[in-house]
Amino acid sequence: TNLINKSLALLYNEDTDDSTTQEYISSILTIKASLLAEQQDYIKSNQCLFESFTIKRENINDRYMGKTFTAISNNYLKLNNADSAIYYARLALSTVVKIDPSNIFSLPAVKDLYAENTIEESADALAAAYEKKYGETKDIRFANAAINCYKISFTVENKLMNYYQYDDSKLLVLDESRGRSEKAINFCYQLLQQTKDNQWAHKAFEFAEGNKSMILLQSLKKNIAANGLLQTDSLYQKLQALNIQAAYAEKNIAEKLRNNDSSFIADQQKADKINNDILQTSSLLLKNNPVYKDVLLKTDSLNTGMLQQKILKDDSTALLEFFTGTNALYAFVFSKNNPVQVMTYDSTLLSSINNYTLFFTNENVIASNPGAFEDSAFNLCQKLDLQNIAPSYRHLTIIPDGIFCFIPFESLLYQKATATSLKTAPYLITKCNISYGFSAATLLKQTEQKNNDNNEMLAMAPLFINNSKGFAPLPRTDAELN
């Protein structure tokens, strides 16, 4: 902070009418404001932000204004001043998209949204401010406005994702957005508890789907759109060939790094060129094929009606979706004619999951202590409340998330075992068929794919020959595949 103050003092002695000097001062003030906010000195942080406006004068662009107003709003929220937080978050939003300034609940139309992270950031700030105001007033209009702001953020995030070419960049965005999903779900669950209105359970389910398997969903959209629009397009064929080249290049680099082969540098240069060609070809493909571009940029909203119609075909079928947050664990049970059921778990569930999965770390653990395994399997099933869910349906599609991905649900016990015989234990799989999905949205998107007229399928499974990767061999897998 002392260094920042000295820098500001020196700059203020310069010609403050000079645009370059103004830019330097404004940038340093913004950095100082961020440091003060981290130190929880929100009043002084806002003073710096307002000062940065004053010093820049006419040299202010909309994006800069939006980001600064968003920071001011966040500080006011920390000061428990919901009204000022709403005011400045709305100012931030109005710098980059059209809203009605005379209506405190006015938000931009979906058609006006575009790929701009200032919209996303200001909508997040406004959601938090509306949520705070709802807590003070219990005026449901503020709750609805907060939920709509979260939807705006997700819509803009999806649009931004279409402009990222690398999966690493997409994963970084998804990692950041998971926190937003958790906040939105927590708020919906709070509203469900207070109002007993099941619409909030539906909205919580939609937010749980918000960023789940988004990269896979985008790939499905691309494949479906390309199959219908681009099969004979030379640019598309070139892009497919480049993607294959990139995969082989990455494989070669990984192998050479493992073997400490310094020639990987040449391969890296080759991979960089291929990736650059992919970016250029992708951009040209979108430019030359507006219909294909429109399909990719179209925002897919999860239609629960379509989910019930196409995935949940009768009353004997249900969908069980988990969401793992930093501070909360949720499950959603979705069936054809019943309202969405929301379950929340406490932190003791994590230790139950960890204790259960330990039985699968070695092929002899279960056999050497079947009683302990059965107790753990029944205990976890109870904590998940599956003994009351699975027996009600003949088929259960499970969409795991986070730590839930490590649970072999078929092996859980829906009731306490009366004997230590593993063959006769009351496994969950004996009560209902269990299948898995990446997300409800990808299950729906897959229904749009054309049927395989040749009745062909691709099947892959590990053999672990000679204890490959430290796992026990699976000698019958080859016969099962063939």
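FYI, the numbering just counts along the sequence from 1.
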Given 3.5 Å as the limit, does a donor-acceptor pair link the side chain of Glu182 with the main chain of Ala328, or not? yes
For side-chain contact (heavy atoms from CB on, under 4.5 Å), just list the numbers for Asn252 and Lys270, CA-CA rounded to whole Å, side-chain angles, deciding distance to a tenth of an Å, and then say yes or no. CA-CA 11 Å; Asn252 289 336; Lys270 180 180 177 182; 5.9 Å; no
Do side-chain atoms of Asn259 reach the backbone of Glu255 as a donor and acceptor pair under 3.5 angstrom? yes
Under a 3.5 Å distance rule, please check whether Asp401 uses its side chain to pair with a backbone N or O of Thr324 as donor and acceptor. yes
When rounded to the nearest 0.5 Å, the distance separating CD1 of Ile398 from OG of Ser435 is 8.0 Å
Do side-chain atoms of Ser45 reach the backbone of Leu36 as a donor and acceptor pair under 3.5 angstrom? no
Output field: ring centroids Phe142/Phe105 closer than 6.0 Å: yes
Report the relative orientation of the aromatic rings in Phe409 and Tyr436; use parallel for angles under 30°, tilted for 30 to 60°, perpendicular for over 60°. tilted
Between the main-chain N or O of Phe373 and the side-chain N or O of Ser376, is there a donor-acceptor pair closer than 3.5 Å? no
Asn198 side chain to Val340 main-chain N or O, any donor-acceptor pair under 3.5 Å? yes
Closest non-hydrogen atom pair, Ala92 against Ser122: CB-CB, 3.7 Å
Taking it one step at a time, do Arg180 and Asp124 satisfy salt bridge (charged side-chain N to carboxylate O under 4.0 Å, His left out)? CA-CA 8 Å; Arg180 182 191 305 117; Asp124 282 343; 2.8 Å; yes
Test Glu131 against Lys183 for salt bridge (charged side-chain N to carboxylate O under 4.0 Å, His left out), laying out the working first. CA-CA 10 Å; Glu131 192 173 328; Lys183 289 177 185 177; over 6 Å; no
Quick check on side chain to side chain contact (heavy atoms under 4.5 Å, CB included): which of Glu206, Lys203, Gln199 does Ile147 satisfy it with? Lys203
Rounded to the nearest 0.5 Å, what separation is found between the OG atom of Ser153 and the CD1 atom of Ile119? 9.5 Å
Check the surroundings of atom NZ in Lys238: do more than 12 heavy atoms from other residues, nucleotides or ligands lie under 6.0 Å from it? no
Within the supplied structure, the quantity of interest is the number of heavy atoms (other residues, nucleotides, ligands) at a distance under 6.0 Å from Phe406 CZ; does it exceed 12? no
Taking Thr281 for its side chain and Ile278 for its backbone only, find out whether a donor-acceptor pair lies under 3.5 Å. no
Ignoring hydrogens and angles, tell me if any N or O in the side chain of Glu209 forms a donor-acceptor pair with the backbone of Ala440 under 3.5 Å. yes
Results of salt bridge (Lys or Arg N to Asp or Glu O under 4.0 Å) for Glu116 - residues two or more places apart only: Arg63
Mind checking whether Phe378 and Tyr414 have ring centres under 6.0 Å apart? no
Residues in ring-ring contact (aromatic ring centres under 6.0 Å, His included) contact with Phe334, at least two apart in sequence or another chain: His202, Phe205
Using only atom types and a distance under 3.5 Å, with no angle test, would you say the side chain of Lys159 pairs donor to acceptor with the backbone of Tyr114? no
Might you work through the side chain to side chain donor-acceptor pair (under 3.5 Å) test for Asn144 and Tyr134, ending with a clear yes or no? CA-CA 9 Å; Asn144 282 315; Tyr134 169 76; over 6 Å; no
With rounding to the nearest 0.5 angstrom, report the CG to OH distance, Asp385 to Tyr345. 6.5 Å
Measure centre to centre between the rings of Phe154 and Phe207, then say whether the value is under 6.0 Å. yes
So does Lys138 have more than 12 non-hydrogen atoms from other groups sitting under 6.0 Å from NZ? yes
Show your working on side-chain contact (heavy atoms from CB on, under 4.5 Å) between Lys67 and Glu121 and close with a plain yes or no. CA-CA 8 Å; Lys67 290 186 176 296; Glu121 292 167 4; 2.9 Å; yes
Indicate yes or no for a side-chain donor-acceptor contact from Tyr427 to the backbone of Leu422 under 3.5 Å, with no hydrogens or angles considered. yes
Take Asp272 and Gln268, measure what side chain to side chain donor-acceptor pair (under 3.5 Å) needs, and give me the verdict at the end. CA-CA 6 Å; Asp272 290 342; Gln268 185 63 63; 3.1 Å; yes
Flag yes if more than 12 heavy atoms outside Lys256 fall under 6.0 Å of its NZ atom; otherwise flag no. yes
What pair of heavy atoms forms the shortest contact from Ala246 to Asn275, and how long is it? CB-OD1, 4.1 Å
Looking at Glu136 and Asn80, what are the two nearest heavy atoms and their distance? OE2-O, 4.1 Å
Return the orientation label for the Phe359 and Tyr356 ring planes: parallel under 30°, perpendicular over 60°, tilted otherwise. tilted
